[in-house]
Amino acid sequence: MSTTYTYLTDSHLRLRDQAQEFGRDVIAPHVPHMEAGGTHADEELPRLMGELGWCGVIIGTEYGGMGLDHLSKTILISEASYFSGAAGGILQASFIPTAAILYLGSEEQKRLWLPQIAQGLWTAILVTEPDSGSHVLGMDGTARRKGNHWIINARKCFIGNAGIAGLHVVVVRTGRPGDPRSLSAFLVEADWDGIEVSQPDLVGMHGFSCGTVLLRDVHVPSTHLLGEVGDGLAAAYTASVVCGRPNLAATALGLHRRVMDETLGFLDKRLRKIGKRHRVTRKLSEYPVVKYRLAEMKSRLMTAERLAYDAVHLLDQGRACDAELVQSKLFNNQAAGESLRDASSLHGGYAARTDHPITRLMRDIQLVGAPAGPDDVQRHRLSEKALGADRAEWSLEFIRRTRRPVAAA
């Protein structure tokens, strides 16, 4: 991360240094273990990150959190992702349901759950379903009222942190299909009867749980309704725009930075012998065609970083920034993929070796695009903004409900 951004404070830089030290000393040595385990829910790394209080970075100090801003959250995700896509995935996935609780939770719910989250309780948000995908209003999962309880039946898929979460924010249907007020959100404890978690194999991010959660006749007390009946769409959209999209931008940014550094390190070591007696050698990085590719990678990375940090800075300033948050995710995902293709070409045959770092990065980057809506969904949102068809500003609505003083640097 460049220090040329005028809005970076000493607090941001200290947090970055802490995250980099943790990445070098803890995450990096743990990566081979996670890779060897294939698709699984790693528990050791979440425990250690939880002990640092990172789960509570955007939770106010009055609830036991760090009381920092969204730029601080982005820094943590990006630095963790630099060392491991799985570490970044674990971290970012828990911030999304936290945002929903901050946005819609009653004071009693906040005082019950936010201190636990700040102390390392991992959370998950359950929205996506197999047949509806990004079409949130098309979901089939339901909750029906029975006395002082709601009974939930749903099948949710691609749920980040499904295997380690102690608390789920579950969005299901409580009204007529197609009605924007037909969805509601509930706080569901992971150890309740009727909940079953499974994990399909993933190509990358080994150690990050992104599974299927089946809820069969799960009884939820009425006190666990998040917000009001009909607030489910607001919970899903606000959490996705305010946290999901910038979180994935930060994940892609961290992986992108690692692709750049791995490529530079690789080229710096590779020498090409010149002349019959091989008396002269040149580094591969000295060739014009190689320099061109490196320039393209650096240009993308600089733009991606600027978009990621400027977008959340606008959010921290209390300004409407839905389009900027959407664009930060779209561009960071695309830029990381394009730079990875350049890096793979520059690595030659090494990019095909399963034991090479660039191969792990290739697998991890594949999993960044779909969460919080794939690229075409982001383009659709941007087109609506351009045409004036989408007048909602979820970022402003989130700020209006949650604005609080940020901890001093």
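No experiment lies behind these values; they were computed from the predicted model shown.
Ring geometry for Y309 versus Y5: interplanar angle of 30 to 60°, hence tilted.
The side chain to side chain contact (heavy atoms under 4.5 Å, CB included) test with S81 is passed by exactly one of N247, V368, I27, T251: T251. Partner of E79 under the salt bridge (charged side-chain N to carboxylate O under 4.0 Å, His left out) criterion, out of R257, K73, R16, R24: R257 alone.
In summary, the side chains of Y7 and Q317 do not present any donor paired with an acceptor at a separation below 3.5 Å, with no hydrogens or angles considered. Side-chain contact, Q334 with R300: no donor N or O sits under 3.5 Å from an acceptor N or O. For the residue pair E189 and W113, no side-chain donor N or O sits within less than 3.5 Å of a side-chain acceptor on the partner. For the residue pair R173/T142, the side-chain donor-acceptor check at 3.5 Å is not satisfied. Residues S94 and T123 bring a donor and an acceptor atom of their side chains to less than 3.5 Å of each other. At a cut-off of 3.5 Å, with distance as the only test, no side-chain donor of H206 or D364 sits close to an acceptor on the other residue. A donor-acceptor contact under 3.5 angstrom links the side chains of H12 and D69, judged on distance only.
In this structure the side chain of P371 never reaches within 4.5 angstrom of the side chain of F158, judged on heavy atoms. Inter-residue side-chain proximity for S11 and L68 is flagged as met; some heavy-atom pair is nearer than 4.5 Å. In this structure the side chain of L91 reaches within 4.5 angstrom of the side chain of W122, judged on heavy atoms.
Taking every heavy atom of both residues into account, M139 and V127 meet most closely at CE-O, 3.7 Å. Between W192 and P221, the shortest heavy-atom distance links the atoms CH2-CD, 3.5 Å.
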For this session: Check the pair D376, R379 against salt bridge (charged side-chain N to carboxylate O under 4.0 Å, His left out), reporting the backbone distance first and the verdict last.
Result: CA-CA 5 Å; D376 284 342; R379 293 187 184 97; 2.6 Å; yes
For this session: Kindly determine whether D231 and L183 satisfy side-chain contact (heavy atoms from CB on, under 4.5 Å), including the steps that lead there.
Result: CA-CA 6 Å; D231 281 346; L183 306 180; over 6 Å; no
Problem set entry | Residue pair K291, E296: steps toward the salt bridge (charged side-chain N to carboxylate O under 4.0 Å, His left out) verdict | CA-CA 9 Å; K291 287 184 175 180; E296 289 291 293; over 6 Å; no
For this session: Starting from the C-alpha separation in whole Å, work towards a yes-or-no answer on salt bridge (charged side-chain N to carboxylate O under 4.0 Å, His left out) for R155 and E129.
Result: CA-CA 6 Å; R155 184 180 186 86; E129 295 187 358; over 6 Å; no
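Residues that satisfy the ring-ring contact (aromatic ring centres under 6.0 Å, His included) test with Y63, not counting sequence neighbours, are absent from this structure.
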Please tabulate, for side-chain N and O atoms in residues 163-172, each donor-acceptor pair with protein atoms closer than 3.5 Å (sequence neighbours left out).
none

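In this structure, Q92 contributes its side chain and A250 its backbone to no donor-acceptor pair below 3.5 Å.
Residues in residues 86-96 take part in no salt bridge (charged side-chain N to carboxylate O under 4.0 Å, His left out) pair, two or more places apart or across chains.
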